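Reminder, nothing fancy here: chain letters follow the sequence lines and each chain counts from 1. Everything quoted here is computed from the prediction, not taken from an experiment.
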Number of protein chains: 2
Amino acid sequence: MARGRSEERKAEIVRAALEVIAERGYRGASLGAVAERVGLTQQGLLHYFPTKEALLVAVLEERDRWDTSGGRDRERWRLDLMESLVEYNAMRPGIVQTFSALLGESVTEDHPARAFFTERYAQVRENMADVLSAEFGETLPGGLTPERAAPLLTAVMDGLQFQWLLDPDAVDMPAAFRDFLRLLRAPDAAGRGGALADSGQDGERNGRPGA
Amino acid sequence: MARGRSEERKAEIVRAALEVIAERGYRGASLGAVAERVGLTQQGLLHYFPTKEALLVAVLEERDRWDTSGGRDRERWRLDLMESLVEYNAMRPGIVQTFSALLGESVTEDHPARAFFTERYAQVRENMADVLSAEFGETLPGGLTPERAAPLLTAVMDGLQFQWLLDPDAVDMPAAFRDFLRLLRAPDAAGRGGALADSGQDGERNGRPGA
DNA sequence: CGTAACCTACCGATCTACAGGTAGGCGAGT
DNA sequence: ACTCGCCTACCTGTAGATCGGTAGGTTACG
């Protein structure tokens with residue numbers, strides 16, 4: 001019966017770590033603060049994760065689990081699923097904040113999350129390219145290819161997250177993301193006719209309440 | 001002759017601070033490390049900037065100076081100037097890294113740079129909207145308005161910076177940015193004909209050397 | 001049954017390292 | 001003489017990590 005008890009506790013700690021990192025970043029997050037949240041002392045926490053970095057690794061693995069839902073899963077995403085993902089994210093500022101903070105820190109020298117993000121983005125770009133090519137074939141507006149549009153799609157998601165985190169009232173993240181998709185779906189008169197791009201657009205309210 | 005000597009030293013310190021922040025972020029940057037770089041002790045540095053936060057403020061002001069070149073300057077930018085800006089940035093990874101790291105940290109609670117970035121992005125979005133509307137009028141591909149495209153343009157710039165910092169060989173930031181502009185300039189068959197969008201495209205090499 | 005051996009889950013004390021900041025002083029230029 | 005530029009000395013706080021221990025729970029076995 002003691003079996004799995006430890007794993008459970010670890011998961012609890014990881015959850016707390018996510019919170020603390022969201023609030024203070026990785027460098028600013030102290031083991032003591034995390035420990036306190038689960039009713040442990042700092043030393044008690046170190047019993048489960050021998051170093052601070054080990055805890056971070058667990059946090060990153062946790063993300064891989066629910067975000068890419070199983071890593072490089074073979075089932076391909078579709079653009080409308082990404083729309084849902086953005087909407088989902090918009091309801092979980094905490095999670096978004098955690099990983100935006102980590103992303104920001106990771107560009108720093110010798111940051112323990114750097115390799116993780118580098119590899120992750122390479123993989124995300126590939127996924128995005130697959131999604132785009134499944135949706136549009138090889139021809140996108142402006143003469144772009146899926147491979148060239150992939151970094152843009154990725155960039156928009158991340159960039160919007162920062163703007164949204166800084167001022168949620170000024171940026172309607174899901175709406176803005178849909179706007180970007182509209183850009184991709186817009187039939188391009190100069191190139192060729194949109195391959196299989198439909199034009200079934202949803203009724204859209206404006207995405208700029210503030211400012 | 002001692003006049004201005006102090007200001008000069010301060011500028012030197014701010015430059016060093018930019019470097020250190022790029023390497024370790026704001027939280028990870030120690031006054032001692034900055035001081036060492038200009039041949040001072042930590043306390044010597046505190047003579048010029050009484051607190052760490054004061055130094056950060058100076059760093060942020062410095063950015064406002066050369067990036068928006070004088071703050072909310074009346075002279076409007078144009079899209080091709082932003083293209084140049086991105087190219088310019090691509091040659092200065094240090095600066096980009098500094099402010100990407102700060103941006104990432106700033107979404108954290110009680111971060112001293114948070115207000116700065118919040119206000120800054122509101123202003124940038126406005127500028128972007130102005131630029132877009134000067135370039136395209138009120139009609140963009142996909143039925144977007146300048147106000148709705150502005151957050152996207154901003155997001156793309158930031159998002160690309162992160163991807164590029166993490167793996168400069170995998171992402172050709174300037175080329176990717178031009179790709180996005182192409183998306184904006186692509187004549188939209190569904191909407192109206194592109195307002196004043198020319199279609200003079202530059203010869204473009206592909207922007208994905210790695211992966 | 002009982003007890004020795006061992007493991008898990010922690011906590012208290014303590015070490016080392018910086019970190020930011022204060023107080024006061026000293027030398028040099030004006 | 002006085003201020004400016006900078007340093008030495010020092011204080012306080014905090015962080016990650018190690019060490020040693022304790023309490024409770026098995027398991028092995030005589």
Side-chain angles (χ1 to χ4, degrees), chain A residues 1-60 101-102 105-106 108-114, chain B residues 1-60 101-102 105 108-113:
Chain A
M1 150 197 246
R3 218 48 319 167
R5 187 98 189 85
S6 178
E7 290 308 312
E8 204 177 297
R9 205 94 170 88
K10 278 185 160 191
E12 213 180 321
I13 293 171
V14 167
R15 240 173 288 133
L18 278 165
E19 289 177 24
V20 176
I21 292 175
E23 288 165 20
R24 332 256 305 192
Y26 172 68
R27 282 203 165 93
S30 76
L31 294 178
V34 176
E36 201 180 359
R37 248 166 246 232
V38 291
L40 277 181
T41 61
Q42 184 228 135
Q43 300 83 339
L45 190 153
L46 284 174
H47 170 69
Y48 293 96
F49 299 96
T51 66
K52 190 184 181 183
E53 200 172 322
L55 177 55
L56 175 62
V57 167
V59 164
L60 296 176
L102 283 177
E105 275 183 305
S106 74
T108 265
E109 282 175 16
D110 302 321
H111 194 282
R114 178 154 194 159
Chain B
M1 164 199 229
R3 212 56 311 171
R5 186 98 189 86
S6 178
E7 291 307 311
E8 205 177 297
R9 205 92 170 90
K10 279 186 158 190
E12 215 179 320
I13 292 171
V14 167
R15 239 174 288 134
L18 278 165
E19 289 177 24
V20 176
I21 292 175
E23 287 165 21
R24 331 259 303 185
Y26 173 68
R27 281 203 167 92
S30 75
L31 294 178
V34 176
E36 200 181 3
R37 245 167 248 235
V38 291
L40 277 181
T41 61
Q42 183 227 130
Q43 297 80 350
L45 189 153
L46 284 173
H47 172 70
Y48 292 97
F49 298 96
T51 67
K52 191 184 181 183
E53 201 172 321
L55 176 55
L56 176 63
V57 168
V59 165
L60 296 175
L102 282 178
E105 275 183 305
T108 266
E109 284 175 14
D110 303 321
H111 194 282

Pull out every protein N or O sitting under 3.5 Å from an N or O of nucleotides 8-13 of chain D, one pair per line with the distance.
residue : atom : partner : partner atom : Å
D:dA9   : N6   : B:Gln43 : NE2          : 3.0

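Taking atom CD of A:Glu7 as the reference point, atom C1' of C:dA9 lies 14 Å away to the nearest angstrom. For the pair A:Phe49 CZ and D:dA17 P, the interatomic distance rounds to 13 Å; values are reported in whole Å. Atom CG in A:Leu40 sits roughly 10 Å away from atom C1' in C:dC11 (whole-Å rounding). Here C:dA19 presents its P atom at 14 Å from CG of B:Leu55, a figure rounded to the nearest Å. If you measure from atom NE2 of A:His47 to atom P of D:dC19, you get 16 Å, rounded to the nearest angstrom. Atom P of nucleotide C:dT14 and atom CG of A:Leu46 are separated by 18 Å, given to the nearest angstrom. Counting to the nearest Å, the P atom of D:dA15 and the CD atom of A:Glu36 are 11 Å from each other. Regarding A:Lys10, its NZ atom lies at a distance of 12 Å from the P atom of C:dT8, rounded to whole Å.
Counting non-hydrogen atoms of neighbouring residues, nucleotides and ligands closer than 6.0 angstrom, the CD atom of A:Glu36 reaches no more than 12 such neighbours. More than 12 non-hydrogen atoms from other residues, nucleotides or ligands lie less than 6.0 angstrom from CZ of B:Arg27. Shown here is A:Gln43, whose CD atom has more than 12 heavy atoms of other residues, nucleotides or ligands within 6.0 Å.
Closest approach of B:Leu31 and B:Leu45 over heavy atoms only: O-CD1, 3.8 Å. For the residue pair A:Ala16 and A:Val38, the shortest heavy atom distance occurs at CB-CG1, 3.8 Å. Shown here for B:Lys52 and B:Tyr26, the closest heavy-atom pair between the two residues is NZ-O, 2.9 Å. Listed here is the closest heavy atom pair of A:Thr108 and B:Arg24: OG1-C, 3.7 Å.
Annotation: side-chain contact (heavy atoms from CB on, under 4.5 Å) contacts of B:Ala58 (sequence neighbours excluded): B:Val14, B:Phe49.
The pair B:Arg15-B:Glu12 fails the salt-bridge criterion, with no side-chain N (NZ, NE, NH1 or NH2) lying under 4.0 Å from an Asp/Glu carboxylate O.
Contacts between residues 23-34 of chain A and DNA chain D, counted as heavy-atom distances below 4.0 Å, involve A:Ala29, A:Ser30, A:Leu31.
Note on B:Leu45: nothing from the nucleic acid sits closer than 4.0 angstrom, heavy atoms only.
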